[in-house]
Chemist: 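Shown below is the structure under consideration.
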Amino acid sequence: RTCQDRLGVAKDSWLRALRDFESRFADKLGGDFKIDKLSEELGSAIMLKEDTVGNCEVVRVFQSVQVRIWSMREGGMVLVDMGAEDGGSARLPGWKRERAETPREVVERIKATLLQAGDLRITFTFDKMEQYTEEYVSSNTGGVLKTVHGVEIIEGFVTSADLETRARFAMDQGECAFVRTDKDGKKRSFQWMTEEHALSNHVKLRKDTFGMNEVPTLIPMAVVKSVATNPLSQRIAEVGKKAETVLARDKRFLDLEKGVGCIEGWLHLDPSQARSRALQELSKRKFVAQHSHELREFSKALAEIRRMENCLNPPSLQELPWCDERLKRLEARCAVATGAAAHLHEHVTKVAEDYHKAMAGVNDQLLRWNALLSQGGS
């Protein structure tokens with residue numbers, strides 16, 4: 001009865017909100033319309049939003065995924081979408097999420113299509129996703145329909161150490177920008193910014209500590225229409241009729257009911273009698289005594305596993321990817337140093353050969369002078 005009363009109140013408030021929206025939408029845009037058709041035109045779901053006091057309103061609902069990409073693991077700069085050539089506010093790179101998509105699939109599409117960074121290695125942390133909601137009035141519906149925009153922020157950082165690849169995306173060059181052109185020929189600019197610069201440009205990097213972070217109560221239109229057309233008692237009666245039809249069609253359910261009735265007495269047997277409890281305790285003790293050796297071995301194995309839990313995921317394993325990048329950079333530096341040393345060796349060898357030739361010439365000239373002086377003296 002309480003559920004029926006609650007659904008009756010909900011049904012009245014839902015219908016009032018629906019009728020109010022239809023009248024305002026018709027007065028604003030003119031003509032008859034259907035909510036299902038409106039949902040297809042807008043490319044998003046139309047739902048009923050209910051607050052804690054029971055007030056309802058029709059809203060447009062859609063989800064998007066944004067990525068917060070840093071130029072390096074610690075510190076560095078964050079990538080900001082500056083918008084297309086025809087205008088747009090600065091924000092984190094993002095894409096609309098379809099109903100059947102996962103956040104990982106949307107992130108892959110952002111990386112491949114929006115950023116065109118298939119060869120840039122970026123590590124994302126999907127287990128630390130931030131979520132918040134924004135509410136605003138949609139301009140493409142004549143200022144009548146409010147939009148509830150759910151945003152999921154996924155953080156990542158660039159792990160590519162190749163200097164040429166990083167230079168193509170204007171990294172390690174200060175607050176520089178790069179441009180990408182989509183398949184329709186439209187250009188979009190992206191810029192690396194410090195966190196302070198991004199916040200000064202009103203870029204929402206994180207969800208607020210308070211405010212628009214709670215997910216509202218959203219009711220699909222199918223539920224609203226179902227509650228409006230079919231009362232709860234009618235739906236319960238329909239479910240009962242369907243259940244009776246299924247039971248009558250399959251005789252195995254009747255056999256199952258008879259079997260459960262036969263063992264019903266055993267299912268509700270009371271084991272609290274003294275003799276039954278004593279026999280149970282005695283059998284348990286005998287079982288433990290018979291398998292004491294196996295239980296001791298099992299306890300030793302558990303103790304050994306407990307001692308080895310710290311070795312399952314040591315902190316040094318988390319540093320391995322970063323050490324790999326450092327090793328690659330050191331190898332690159334060693335290659336450069338080796339090339340410089342080889343060049344220096346060639347130069348020193350040439351200087352030594354020239355010096356040897358010069359000294360040989362001087363020695364030969366001194367011998368000639370000595371021979372001339374000896375002839376003059378005689």
Chemist: Got a donor-acceptor contact below 3.5 angstrom from the Asp81 side chain to the Gly83 backbone?
Modeler: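 Checking the backbone N and O of Gly83 against the side chain of Asp81, a donor-acceptor pair under 3.5 Å is found.
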Chemist: Where is the tightest heavy-atom contact between Leu115 and Arg180, given as atom of each residue plus distance?
Modeler: O-NE, 3.0 Å
Chemist: Just wondering, do Gln66 and Arg91 contact through their side chains at under 4.5 Å, heavy atoms?
Modeler: yes
Chemist: Taking Arg206 first and then Glu195, would you say they form a salt bridge - that is, a charged N and a carboxylate O separated by under 4.0 Å?
Modeler: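 Judged by the 4.0 Å cut-off on N to carboxylate O distance, Arg206 and Glu195 do form a salt bridge.
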Chemist: If I take atom CZ from residue Arg296 and atom NE2 from residue His293, how far apart are they, to the nearest 0.5 angstrom?
Modeler: 8.5 Å
Chemist: Out of curiosity, Lys96 NZ to Glu101 CD, how far, rounded to the nearest 0.5 Å?
Modeler: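 One finds 10.5 Å between NZ of Lys96 and CD of Glu101.
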Chemist: Is there a side-chain contact between Glu175 and His197, using heavy atoms and a 4.5 Å cut-off?
Modeler: yes
Chemist: Heavy atoms, side chains only, cut-off 4.5 Å: are Val78 and Phe157 in contact?
Modeler: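 No, every pair of side-chain atoms sits at 4.5 Å or beyond.
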Chemist: Measuring only between side-chain heavy atoms, which start at C-beta, is Gln131 closer than 4.5 Å to Lys207?
Modeler: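 In short, these two side chains do not touch, never coming nearer than 4.5 Å.
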Chemist: Checking Gln375 side chain against Leu372 main chain: does a donor-acceptor pair fall under 3.5 Å?
Modeler: no
Chemist: Of all heavy-atom pairs between Ser160 and Asp119, which one has the smallest distance, and what is that distance?
Modeler: OG-O, 4.4 Å
Chemist: Using modelled atom types only, decide if a donor and an acceptor are shared between the side chain of Trp192 and the backbone of Phe169 within a distance under 3.5 Å.
Modeler: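 Yes, because the side chain of Trp192 sits within donor-acceptor range (under 3.5 Å) of the backbone of Phe169.
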Chemist: Tell me whether Lys328 is salt-bridged to Asp324, with the criterion being a basic N under 4.0 Å from an acidic carboxylate O.
Modeler: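 Salt bridge flag = yes for Asp324 with Lys328.
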Chemist: In this structure, would Val362 and Leu367 fall into the same cluster of hydrophobic residues linked by side-chain contacts under 4.5 Å?
Modeler: no
Chemist: Could you please spell out the steps behind the salt bridge (Lys or Arg N to Asp or Glu O under 4.0 Å) verdict for Asp364 and Arg368?
Modeler: CA-CA 6 Å; Asp364 185 56; Arg368 291 179 182 177; 3.3 Å; yes
Chemist: Which pair of non-hydrogen atoms, one from Lys187 and one from Thr181, has the smallest distance, and what is that distance?
Modeler: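 Here Lys187 and Thr181 meet closest at CG-OG1, 3.5 Å.
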Chemist: Is there a side-chain contact between Pro103 and Met129 (heavy atoms, below 4.5 Å)?
Modeler: yes
Chemist: Given the rule in the side chain to side chain contact (heavy atoms under 4.5 Å, CB included) test, do Leu295 and Val288 qualify, once you have shown the distances and angles that lead to the verdict?
Modeler: CA-CA 8 Å; Leu295 293 175; Val288 172; 4.1 Å; yes
Chemist: Does CD in Gln365 sit with more than 12 non-hydrogen atoms of other residues, nucleotides or ligands closer than 6.0 Å?
Modeler: yes
Chemist: Taking Asp182 first and then Arg188, would you say they form a salt bridge - that is, a charged N and a carboxylate O separated by under 4.0 Å?
Modeler: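 No, this pair does not count.
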Chemist: Looking at every non-hydrogen atom in both residues, tell me the closest pair between Ile122 and Ile69 and how far apart they are.
Modeler: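 Minimum heavy-atom separation between Ile122 and Ile69: CD1-CD1, 4.1 Å.
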Chemist: When you group the ILVMFWY residues by side-chain heavy-atom contacts below 4.5 Å and let the links chain together, are Phe190 and Val179 in the same group?
Modeler: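 No; Phe190 is not reachable from Val179 via cluster members.
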Chemist: Using 30° and 60° as the class limits, which term best fits the ring planes of His149 and Tyr136: parallel, tilted or perpendicular?
Modeler: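 His149 and Tyr136: perpendicular rings.
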Chemist: Step through the shown structure and confirm whether more than 12 heavy atoms of other residues, nucleotides or ligands are within 6.0 Å of CZ on Arg168.
Modeler: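 Yes - once you tally the heavy atoms of other residues, nucleotides and ligands closer than 6.0 Å, there are more than 12.
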Chemist: Do you know the tightest heavy-atom contact between Phe124 and Gly156?
Modeler: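 Closest heavy-atom pair between Phe124 and Gly156: CD2-CA, 3.8 Å.
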Chemist: Is there side-chain contact between Phe126 and Arg104, with heavy atoms separated by less than 4.5 Å?
Modeler: yes
Chemist: Using the six-membered ring of Phe62, assess whether NZ or CZ of Arg97 lies under 6.0 Å from its centre and within 45 degrees of the ring axis.
Modeler: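 Negative - Arg97 is either too far from the ring of Phe62 or too far off its axis.
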Chemist: Looking only at atom types and distance, does a side-chain atom of His345 sit under 3.5 Å from a main-chain N or O of Ala341, one as donor and one as acceptor?
Modeler: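 Here the side-chain-to-backbone pair does not exist.
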Chemist: Which pair of non-hydrogen atoms, one from Thr125 and one from Ile154, has the smallest distance, and what is that distance?
Modeler: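 Taking Thr125 first and Ile154 second, the nearest heavy atoms are O-CG2, 3.9 Å.
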Chemist: Cation over ring, Lys350 on Tyr355, under 6.0 Å and within 45°?
Modeler: no
Chemist: Report the C-alpha distance between Val65 and Trp95 in whole Å, list the side-chain angles of each, state the deciding distance to 0.1 Å, and finish with yes or no for side chain to side chain contact (heavy atoms under 4.5 Å, CB included).
Modeler: CA-CA 6 Å; Val65 176; Trp95 203 289; over 6 Å; no
Chemist: If you draw a 6.0 Å radius around CD in Glu164, do more than 12 non-hydrogen atoms from other residues or ligands fall strictly inside?
Modeler: no
Chemist: Looking at Glu325 and Arg121, does any basic side-chain N land under 4.0 Å from a carboxylate oxygen?
Modeler: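 Looking at Glu325 and Arg121, the cut-off is met.
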Chemist: Let me see the working for Met193 and Met82 under side chain to side chain contact (heavy atoms under 4.5 Å, CB included), right down to the final yes or no.
Modeler: CA-CA 11 Å; Met193 294 184 181; Met82 303 303 295; 3.5 Å; yes
Chemist: So how far is it from Lys204 NZ to Ser89 OG, rounded to the nearest 0.5 Å?
Modeler: 12.5 Å
Chemist: Can Leu199 be reached from Tyr132 by stepping across I, L, V, M, F, W or Y side chains whose heavy atoms are under 4.5 Å apart?
Modeler: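 Yes, one cluster joins them.
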Chemist: Just one of Arg307, Arg306, Lys300 clears the salt bridge (charged side-chain N to carboxylate O under 4.0 Å, His left out) bar with Glu304, so which one?
Modeler: Arg307
Chemist: Using a strict cut-off of less than 4.0 Å between a Lys/Arg side-chain nitrogen and an Asp/Glu carboxylate oxygen, indicate whether Glu155 and Arg68 qualify as a salt bridge.
Modeler: yes
Chemist: Let me confirm one number: the OG1-CZ distance from Thr159 to Arg73, rounded to the nearest 0.5 Å.
Modeler: 8.0 Å
Chemist: Could you walk me through whether Arg166 and Val158 pass side chain to side chain contact (heavy atoms under 4.5 Å, CB included), step by step?
Modeler: CA-CA 9 Å; Arg166 295 177 70 91; Val158 179; 3.8 Å; yes
Chemist: Measure the CD-OG1 distance between Glu346 and Thr349 for me, rounded to the nearest 0.5 Å.
Modeler: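 Between Glu346 CD and Thr349 OG1, I get 7.5 Å after rounding to 0.5 Å.
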Chemist: Determine yes or no for a side-chain-to-main-chain donor-acceptor pair under 3.5 angstrom, with Ser71 supplying the side chain and Met77 the backbone.
Modeler: yes
Chemist: Any heavy-atom pair between the side chains of His291 and Glu297 that's under 4.5 Å?
Modeler: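 Sidechains of His291 and Glu297: no contact.
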Chemist: Answer whether the closest heavy-atom distance between the side chains of Leu120 and Met171 falls below 4.5 Å.
Modeler: yes
